[in-house]
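Naming convention: chains lettered A, B, ... in sequence-line order (proteins, then strands); numbering from 1 in each chain.
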Amino acid sequence: MRMSRLFLRTLRDDPSDAEVDSHRLLVRGGFIRKVASGIYSWLPLGSRVLRRVERIVREEMDAAGAQELVLPIAQPLDLWERSGRDTAYGPLMFRLQDRKESWFCLSPTAEEVITSTVAAEYSSYRDLPVNLYQVNWKYRDELRPRFGLLRAREFLMKDAYSFDLDADGLQASYRAMYDAYHRIFERCGLTFRPVEGEAGEIGGDVNHEFMAVAAVGEDDFVWCRSCDYAANVEVARRRVDAPVGAASGTSAGAPDSERWDSSRRMASVSDPSAEDPAGASAMEEVFTPGLTSIAEVTGFLGVEPSATLKSLAFEAGGRLGLALIPGDRELNEFALSRALAPTPVRLLDDADFAARPSLPRGFIGPHHPDVELVVADPSVAGRGEWVAGANRADHHVRHVVPGRDFRADRFAELVTIVTGDPCPSCGAELSVDRGIEVGQVFQLGTKYSEALGAHYTDEAGEKHPMVMGCYGIGVSRVVAAVVEEHHDEHGMAWPAAVAPFDVHLVAMPGEEPAAAAEALYHELRAEGVEVLLDDRDARAGVKFADADLIGVPVQLVVGAKGLARGVVERKVRATGERDELPLGEVVATVAAALGSAAQG
RNA sequence: CGGGGAGUGGCGCAGUGGUAGCGCACCAGCUUUGGGUGCUGGAGGUCGGGGGUUCGAAUCCCCCCUCCCCGACCA
């Protein structure tokens, strides 16, 4: 491609609405342009990257035995009513009416359509298993589109659906996809990690999310430094018999005396002033005027945050409940929801507190008379006594002893895992990192096959629902994730496999360089190399800056100085390494390097 | 949905009642010729939309729309 003809305008200034590097650079480099909030046009350079990612996805999906098809984007809403996801998605779905006023939606995913499609065609055990996929645009009317391509309302997604006879078959299908995903993300040049995930609206049981490690990611995930445990923070756990306060002792800088010894789980060692629970002091009310935060209370009373009890009020099934966690920890709301499932849980908000004067916000304690359900993190039982709210405005109580002064109706892991917590499987230290969710694999089961009638008849003539799995990859999101990982202050630095071109051939000003570059352009293309030729009538500085911004992995600079010595300069964009190639060897050397890179 | 902010030429921005400006980009020319060169000239804007106040509105008032940020939410 000749840059003089390429539909491209690079920007010298950063777009004002771009917050993250991928968004900023993709716009500056002329890869994408915003059309509406969360909706982008893919200009030629961006389109080329997208196609290369798609190609990798298709190759690996095909290799894993999946078959490509194309499903509609506009889907009848009644299909979604049959699965119940019409209401589950709610306003997240774009909806539209045709001229006959029938309702449609723009597909956010395609379980309903694929399941009804398979149900219509297949009915025998002889037909299964089958795995079908598509690469198609998806729509989600996000509350808040953000970060350019990372949270868009229109995005390109590969979605695959497997149909098996039974759970064993599903395991095999799932495993094949799990392995294919590793190859796909590796080929795209991403540093990633599969983690146990939350099911979300899709439903189902076992699932993994593939996280591209990135500071701008919207998901926190936990991983163990010594074993292979890894999970989205929403579902992450810590070792249940963990010594209370271990995490705060290391991460919050508490003195050693604050640490708990797992062999002595009772409170006596935690606080020199604490007494043995057996003979613990009675609860003692303390005047704490206006001190509603943990930090204020601990500062005022001279205790560690880990010695305070956080009581969070919630409503579940019409009942008032309290979630109890140590004061130095944050509540994992997903964990609370899981603990009370299927009853929906809602933390009380400002309006609720205003309506319930008996609940003095900031001063709530675990022994509140109105509370009908107390759910406590296991660590709450591990400490002999606590500082807690007194259920009276401007008052706290100390020497609150679990079992004596309050009790939990239920124990469940409720705290959000932080770096330093013990791994649930091996006990070693966990770390928390941020990631971009670029893919997810689910074991769905029979939810959709039952709702939409995807059954098969077995050898004995009995009917069974097909056992399904579904597997997504955010193709457009992968593009952004790759830029997040592969860029520097000058611009993008694409991994060869997904770069818009293989080689950026830069002709320096002058007639001789132009002619030499022209010749190389033809020779390289004859070797199958995809070349971007900068044949523009522009200054050298402009060309160099654009080449670094666009980020094609190899730059070949043809200039008068080099030509006088019979050489062309080569620069590797990612590393900045430069060397010189004799003019006569350029084509063979570059083609060979690309060939070996493609194999590796 | 709650809170905050912004809409002025393709991009980035200035302009607080008196005839719309700057930088970049774009066009023409000169200059320059290995890291966004310097100069000259030029084209390009119903100042988000509607209503109002005023002799006069980008500017003040009202309504609406769009976009961005924080939060809630999240294949």
Evaluate whether atom CD of A:Gln97 has more than 12 neighbouring non-hydrogen atoms of other residues, nucleotides or ligands under 6.0 angstrom away.
-> yes
Can you tell me the pairing partner of [N] across any strand shown, Watson-Crick or G-U wobble, with both distances under 3.5 angstrom?
{"N": "B:C1", "value": "B:G71"}
{"N": "B:C26", "value": "B:G42"}
{"N": "B:U19", "value": "none"}
{"N": "B:G56", "value": "none"}
{"N": "B:G7", "value": "B:C65"}

Can you check the distance between [N] and [M], where both ends of the measurement are the [atom1] atom (answer in whole Å)?
{"N": "B:G5", "M": "B:G10", "atom1": "C1'", "value": "24 Å"}
{"N": "B:G9", "M": "B:C61", "atom1": "P", "value": "22 Å"}
{"N": "B:G29", "M": "B:C69", "atom1": "P", "value": "43 Å"}
{"N": "B:G44", "M": "B:C22", "atom1": "C1'", "value": "15 Å"}
{"N": "B:G38", "M": "B:G7", "atom1": "C1'", "value": "35 Å"}
{"N": "B:C65", "M": "B:C27", "atom1": "P", "value": "40 Å"}
{"N": "B:G17", "M": "B:U59", "atom1": "P", "value": "11 Å"}
{"N": "B:G71", "M": "B:U8", "atom1": "P", "value": "26 Å"}

For the pair made of [atom1] in [X] and [atom2] in [N], what is the distance, rounded to whole Å?
{"X": "A:Asp14", "N": "B:C13", "atom1": "CG", "atom2": "C1'", "value": "14 Å"}
{"X": "A:Met157", "N": "B:C74", "atom1": "CE", "atom2": "P", "value": "17 Å"}
{"X": "A:Ile73", "N": "B:A75", "atom1": "CD1", "atom2": "P", "value": "21 Å"}
{"X": "A:Ile32", "N": "B:C11", "atom1": "CD1", "atom2": "P", "value": "14 Å"}
{"X": "A:Leu26", "N": "B:C11", "atom1": "CG", "atom2": "P", "value": "17 Å"}
{"X": "A:Arg9", "N": "B:A25", "atom1": "CZ", "atom2": "P", "value": "10 Å"}
{"X": "A:Met93", "N": "B:C73", "atom1": "CE", "atom2": "C1'", "value": "16 Å"}
{"X": "A:Glu154", "N": "B:C74", "atom1": "CD", "atom2": "C1'", "value": "18 Å"}

Do any N or O atoms from the side chain of A:Lys158 and from the backbone of A:Val57 form a donor-acceptor pair under 3.5 angstrom?
-> no
Can you check whether A:Asp14 reaches A:Val27 side chain to side chain, under 4.5 Å on heavy atoms?
-> no
Check ion pair A:Arg175-A:Asp179 (N to O, under 4.0 angstrom) | yes
With the threshold set at 4.0 Å, does a side-chain nitrogen-carboxylate oxygen contact exist between A:Arg146 and A:Glu19?
-> no
Given protein heavy atoms under 4.0 Å, the one-letter contact record of nucleotides 28-41 of chain B, with B base, S sugar-phosphate only and - none, is simply ----BBBBBB----
Assess the side chains of A:Asn131 and A:Ser173: does a donor N or O sit below 3.5 Å from an acceptor N or O?
-> no
With A:Asp546, which of A:Arg536, A:Arg539, A:Arg12, A:Arg28 fulfils salt bridge (Lys or Arg N to Asp or Glu O under 4.0 Å)?
-> A:Arg536
Positive for salt bridge (Lys or Arg N to Asp or Glu O under 4.0 Å) with A:Glu580, one of A:Arg570, A:Arg565, A:Lys561 = A:Arg565
Could you give the side-chain donor-acceptor pairs of residues 215-223 of chain A under 3.5 Å, partners two or more places apart or in another chain?
from: A:Glu218; atom 1: OE2; to: A:Arg151; atom 2: NE; distance (Å): 3.0
from: A:Asp220; atom 1: OD1; to: A:Arg434; atom 2: NE; distance (Å): 2.8
from: A:Trp223; atom 1: NE1; to: A:Asp433; atom 2: OD2; distance (Å): 2.7

Hey, do the aromatic rings of A:Phe442 and A:His208 have their centres closer than 6.0 Å?
-> no
Could you tell me whether A:Tyr133 and A:Tyr161 have their ring centroids closer than 6.0 angstrom?
-> no
So which protein N/O to nucleotides 66-68 of chain B N/O distances come out below 3.5 Å?
from: B:C67; atom 1: OP1; to: A:Ser37; atom 2: N; distance (Å): 3.1
from: B:C67; atom 1: O3'; to: A:Lys34; atom 2: NZ; distance (Å): 3.2
from: B:C68; atom 1: OP2; to: A:Ser37; atom 2: OG; distance (Å): 2.9

